[in-house]
Structure formats: structure tokens, C-alpha cells
Number of protein chains: 2
Amino acid sequence: MSDTNTRVPSVLAHELPRPVPMDELAACPASEVFRRVGDKWSMLVVILLGGRAHRYNELHRAIEGISQRMLTRTLRGLEDDGLVWRHVHPTVPPGVEYGLTELGVSLLEPLSALADWAVRHAPEMAEARGAEAPGAETRAAEARRAEARRAEG
Amino acid sequence: MSDTNTRVPSVLAHELPRPVPMDELAACPASEVFRRVGDKWSMLVVILLGGRAHRYNELHRAIEGISQRMLTRTLRGLEDDGLVWRHVHPTVPPGVEYGLTELGVSLLEPLSALADWAVRHAPEMAEARGAEAPGAETRAAEARRAEARRAEG
DNA sequence: CAGCATCCGACATGATACTG
DNA sequence: CAGTATCATGTCGGATGCTG
């Protein structure tokens, strides 16, 4: 809550090719959402829960690589944002179920748009990373080498 | 490059409400994109460059809060991903210009969809964070208090 | 089963000073 | 102008052990 929101002046009042609510985006409600999307696990969980509700350990096994700590933290965060609900079945071995709220479900659509873009353009990005112009050195390559040297060497 | 890609098994083969290429999403080309979107500055830069090309210091002043280090790193990352181009004008005081590649421009669309969602649902998320059910204690509230205690002191 | 508490390393981010 | 180099720090994320 302290410095979570990026301080952004009203600089974004540009003109985008299409329908981007820049003026309001400048106010940075999006930044927080972007952060969540960028979370290592959050969107993975959202996507999983998009299919159906899951139990805690069900998620734990499903993602397989996430620690309990992170799973709990992720779920808490999503819950706090109102994207995920949580139901405790007061049975003897306690059973907790997680699922998407309406808000969470509504996120799936723009999220899928982004995921779709990623899938479509992944090759181009990979290609850009590997080699940009075999034979012709761009300043990009030039610059990258400088860093590469330092990084790899 | 070492552990950048999240290891995700073929668990995402669920069924989403709508058109989400889950099977391929599971392969995680999206994860990398998500990471970039979640970057504190990357999407801000992309959006700015979406308006028009910018000079280095122009961006630096525009964002105002980013350090040179981070601006450079951000631009390098975007450049490496093929989202941003970089042109050096070999004038006496060196002038460097940055702009969006076609790939970068294409990203603006799904990005705007997400931003649009953020703007639309920001109130709901804020409300969810503040108070969920005034008077009726949910287990969410119950759980949150536990953490809040520890966090707030 | 579904967590919570604690410790720790890795990386992201920022401040500062210096350079072609 | 457009960076690079170095240092300091905060957060992220994982491992481990314990609880109700």
C-alpha cells in the first residue's frame, strides 16, 4: 500500500493507434493489474480456476513447481483483489475450495487476448532474440554484445 | 535465460469459457510475455512509444521516476524482444531515437484490452480490497486480518 | 488437508558517480 | 546527449519445519 502504485504524471495523453483509454490509464489503475498479470503464478492460477474450482492441494499438484508459501500468497492476493473466492468446508479433514469470482471470470477475456498474442508472436520474439540480421550488424547487435560480454564473460 | 521460463506441465488442458489457446499456452510462450507486461516500466514505455518515437532523455523526462539504469535496461529488453527499434543519429551530440516495431505495435491491441479491463474494473477491485461485506465477516476477512495484524504491526 | 513461521539466496530496482 | 559502472536495498520466491 505504501509505494505499490507507480507514480506516473499525465504524460500518457498521447494518441494510440486504437482504442486505448490513455487518459485514464495514466491514472494507473492498470499498473496494479499489470503487476498482477506479471506475477509468476497469479495468471496461471486464474487460468486454472477458469476451468473449474479447485481444492488447495489440487492446485498445488496441478502447478507443480510452486511452493505452498507462494500458492497461499498468490491465492490471498487474488482473493484480496476480488478475483478469487474461497470456501471452507467445515469437514473433519478441512476442505478448502477456490474458484473465480465474476470479476475473475471477466478477466479471462482480455487475458486470453494477451495470451493469444503471445502464442501468435512467440516465434517472432524468439527470432528477434536469437539473430536479427545474419551478416548485417545492427546497433542492437552492437549494443547487445557489450552487455553479453559482461554477462557471459 | 537460466530460469526465466516457468516450468509448467501440461496441466492447463482445461476448458476455458472462451477462446483461450490453453494447450499452447501451457507451453508457456505467454509466461514470458506476462513477465514483460508485469514489468514496472516496460508497458509504460511501449505505450509512450505507441504514440510516437521518442529520444532517450525525452523518455526519461516523460516517465519521471525511472532511473537511467532502468530506462536503459527496459529499452534493451524491449529491443531484444523485437518490440522496439533503436536508431542512432551520428550527429555531434549523439541522438538516439526509439520507437515501436510492427511487433510492438501489434502488442498495443491486446494490451489495450487489458488496460481497458483494468480501467473498467478498478473500482470493483478497490472495493474488494477495502471492505467486502460490511457487517458480515467472510473467511476472506478472517484470513486477511491474520496477515494484516502481522503486516501493520 | 490446508495452511503458517522462519530463514535465506537471487534478482529487481534505485541512487550515485563517471564517460564518449 | 546518452549512456555505463558501482553500490545499496527491498522484494520475490523457494526450502524447511511445525500446527489445527
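Hydrogens, waters and symmetry mates are skipped; everything else that's a heavy atom, side chains included, is used. In what follows, chains carry the letters A, B, and so on, assigned in the order in which the sequence lines appear, proteins first and then strands, with residues in each chain numbered from 1.
- Considering only side-chain N and O atoms, A:Y98 lies under 4.0 angstrom from the phosphate OP1 or OP2 of C:dG3.
- Remark on DNA chain D: of its neighbouring residues A:G38 and B:E58, the 5'-side contact belongs to B:E58, judged by nearest-heavy-atom nucleotide.
- By the 4.0 Å N-to-carboxylate-O rule, B:E79 lies close enough to B:R76 to be salt-bridged with it.
- As rounded to whole Å, 9 Å separates atom P of D:dG3 from atom CG of B:N57.
- At least one side-chain nitrogen or oxygen of B:R76 sits closer than 4.0 Å to the OP1 or OP2 atom of D:dT4.
- One can place CG of A:L71 at 11 Å from P of D:dG14, the figure rounded to the nearest angstrom.
- Under the rule for a ring-ring contact (aromatic ring centres under 6.0 Å, His included), A:H60 has no partner lying at least two apart in sequence or in another chain.
- A salt bridge links A:R120 with A:D116: at least one charged nitrogen is closer than 4.0 Å to a carboxylate oxygen.
- B:L59 has its CG atom 13 Å from the P atom of D:dC1, to the nearest Å.
- In the set D:dG3, D:dG13, D:dC1, the nucleotide with an atom closest to the side chain of B:Q68 is D:dG3.
- Under 4.0 angstrom from either OP1 or OP2 of C:dG3 there lies at least one side-chain N or O belonging to A:R86.
- The side chain to side chain contact (heavy atoms under 4.5 Å, CB included) test with B:Y98 is passed by exactly one of B:L48, B:V45, B:L49: B:L49.
- Between A:R55 and C:dC1 there is no side-chain N or O to OP1 or OP2 distance below 4.0 Å.
- A straight line from NE2 of A:H54 to P of C:dA2 spans 12 Å, rounded to a whole angstrom.
- Looking at which nucleotide of DNA chain C each of A:V96 and A:R69 is closest to, the 5′-most match is held by A:V96.
- B:I66 has its CD1 atom 15 Å from the P atom of C:dA12, to the nearest Å.
- For B:L75 and C:dT13, the CG to P distance is 14 Å, given to the nearest whole Å.
- Put simply, NE2 on A:H60 is 9 Å from P on D:dA15, counting in whole angstrom units.
- Using a distance-only test at 3.5 Å, with no hydrogens or angles considered, no donor-acceptor pair links the side chain of A:H89 to the main chain of A:H87.
- Regarding contacts with the backbone of D:dG13, a side-chain N or O of B:R35 is found under 4.0 angstrom from either OP1 or OP2.
- Between C:dC4 and A:Y56, no contact under 4.0 Å exists linking OP1 or OP2 to a side-chain N or O.
- If you measure from atom CZ of A:R73 to atom C1' of C:dA2, you get 17 Å, rounded to the nearest angstrom.
- The residue among B:D39 and A:P94 whose nearest nucleotide of DNA chain C lies closer to the 5′ end is A:P94.
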